[in-house]
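Model, not experiment: these values are computed from the prediction.
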Amino acid sequence: MSDRSHERAPSLAEIEAIAEEAFAGLPFAFRRLCAGVRIHVDDFPDDATLDEMNCESEFDLLGLFRGVGLAQSGEPTTGQMPNAVWLYRRPLLDYWAEHDETLGHLVTHVLIHEIGHHFGLSDGDMDRIEAQADR
């Protein structure tokens with residue numbers, strides 16, 4: 001058995017690096033349509049986000065898209081913030097610890113899910129796509 005007493009949980013920067021690598025691995029056409037989308041990694045969602053999303057716990061949200069999806073966008077308005085994806089490190093690590101998948105796979109899955117909202121897809125749309133892909 002290996003000694004894991006010196007291992008630690010991945011940092012914010014390490015999760016960000018995993019997300020950047022996952023994004024870089026997506027097809028170019030997909031990435032091109034994401035021009036300007038910012039990717040942020042925080043430990044947890046802020047209190048306002050938790051309230052807005054009706055979360056019972058700070059661990060309920062793995063990621064979040066904020067912005068105007070491509071399907072809904074027109075000309076940007078003055079003061080409009082750029083589209084952004086947030087990944088939440090501590091909930092991701094908690095989920096990872098309880099499931100049998102790699103951290104890279106989980107971060108990639110959540111990132112793609114949130115980018116799906118940038119494309120205007122709903123959670124239901126993405127559930128159907130994932131179900132078809134699993135067949």
Side-chain angles (χ1 to χ4, degrees):
M1 182 178 212
S2 65
D3 177 15
R4 296 181 179 253
S5 62
H6 292 66
E7 291 185 20
R8 58 177 182 67
S11 68
L12 291 168
E14 289 167 321
I15 298 293
E16 186 174 332
I18 293 169
E20 288 173 359
E21 183 178 330
F23 186 79
L26 298 174
F28 174 75
F30 189 84
R31 290 191 325 264
R32 187 179 69 235
L33 291 171
C34 294
V37 174
R38 307 259 197 289
I39 299 171
H40 303 276
V41 180
D42 287 327
D43 272 322
F44 289 105
D46 61 31
D47 290 337
T49 298
L50 292 171
D51 290 343
E52 177 187 342
M53 302 304 292
N54 297 315
C55 295
E56 294 180 19
S57 160
E58 58 191 357
F59 287 92
D60 287 351
L61 200 58
L62 303 179
L64 182 68
F65 169 76
R66 289 247 187 235
V68 180
L70 290 178
Q72 294 80 31
S73 67
E75 290 297 316
T77 60
T78 302
Q80 181 178 326
M81 297 300 291
N83 285 352
V85 168
W86 271 264
L87 301 174
Y88 300 114
R89 184 182 80 95
R90 294 283 306 281
L92 284 165
L93 294 177
D94 190 62
Y95 185 94
W96 174 53
E98 298 295 323
H99 294 83
D100 188 30
E101 61 187 284
T102 67
L103 183 58
H105 179 267
L106 176 60
V107 169
T108 300
H109 176 83
V110 174
L111 178 66
I112 290 171
H113 178 95
E114 299 309 331
I115 289 172
H117 291 306
H118 167 70
F119 288 122
L121 299 172
S122 70
D123 285 332
D125 294 333
M126 287 181 277
D127 288 344
R128 285 187 293 281
I129 291 167
E130 289 175 9
Q132 289 175 347
D134 289 341
R135 289 183 190 163

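For Arg31, the CZ atom is densely surrounded, since the number of other residues' heavy atoms within 6.0 Å is greater than 12.
Val37 and Trp86 fall into different hydrophobic clusters, where Ile, Leu, Val, Met, Phe, Trp and Tyr side chains are chained together by heavy-atom contacts under 4.5 Å.
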Legend entry - Step-by-step side chain to side chain contact (heavy atoms under 4.5 Å, CB included) determination, Asp123 to His113: CA-CA 8 Å; Asp123 285 332; His113 178 95; 2.9 Å; yes
Quiz: residues 17-25 side-chain donor-acceptor pairs under 3.5 angstrom, not counting sequence neighbours:
none

Name the atoms and distances for all side-chain donor-acceptor pairs under 3.5 Å in residues 105-112, with sequence neighbours left out.
residue, atom, partner, partner atom, Å
His105, ND1, Glu101, OE1, 2.8
Thr108, OG1, Gly104, O, 2.8

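The heavy-atom pair separating Leu12 from Arg89 by the smallest distance is N-CD, 3.6 Å. What you find for Arg66 and Thr49 is that their closest heavy atoms are NH2-OG1, 3.1 Å. Here the closest heavy-atom approach between residue Leu103 and residue Trp96 is recorded as N-NE1, 3.2 Å. Considering all non-hydrogen atoms of both residues, Leu61 and Tyr88 come closest at O-CD1, 3.5 Å. Nearest heavy-atom pair, Ala9 versus Glu14, reported as atom, atom and distance to 0.1 Å: O-OE1, 4.2 Å. Looking at every heavy atom in both residues, Gly36 comes nearest to Pro82 through O-CB, 3.9 Å.
Going from atom CD of Glu58 over to atom CZ of Arg90 covers 7.0 Å, rounded to the nearest 0.5 Å. Atom-to-atom distance recorded for Ile39:CD1 and Ile15:CD1 is 13.0 Å, nearest 0.5 angstrom. Distance CG/Leu121 to CZ/Arg128: 9.5 Å, rounded to 0.5 Å. Taking CG of Asp46 as the start and CD of Glu52 as the end, the distance is 9.0 Å to the nearest 0.5 Å.
The aromatic rings of Phe59 and Phe44 sit perpendicular to each other, their planes meeting at more than 60°, with 30° as the lower class boundary.
With hydrogens and angles disregarded, no donor-acceptor distance shorter than 3.5 Å links the side chain of Asp51 to the backbone of Ala48. Checking side-chain atoms of His118 against main-chain N and O of Leu33 turns up a donor-acceptor pair under 3.5 Å. Asp94 contributes no side-chain N or O that, together with a main-chain N or O of Pro91, makes up a donor-acceptor pair within less than 3.5 Å.
Counting only heavy atoms from C-beta outward, the side chains of Ile115 and Phe30 approach each other to under 4.5 Å.
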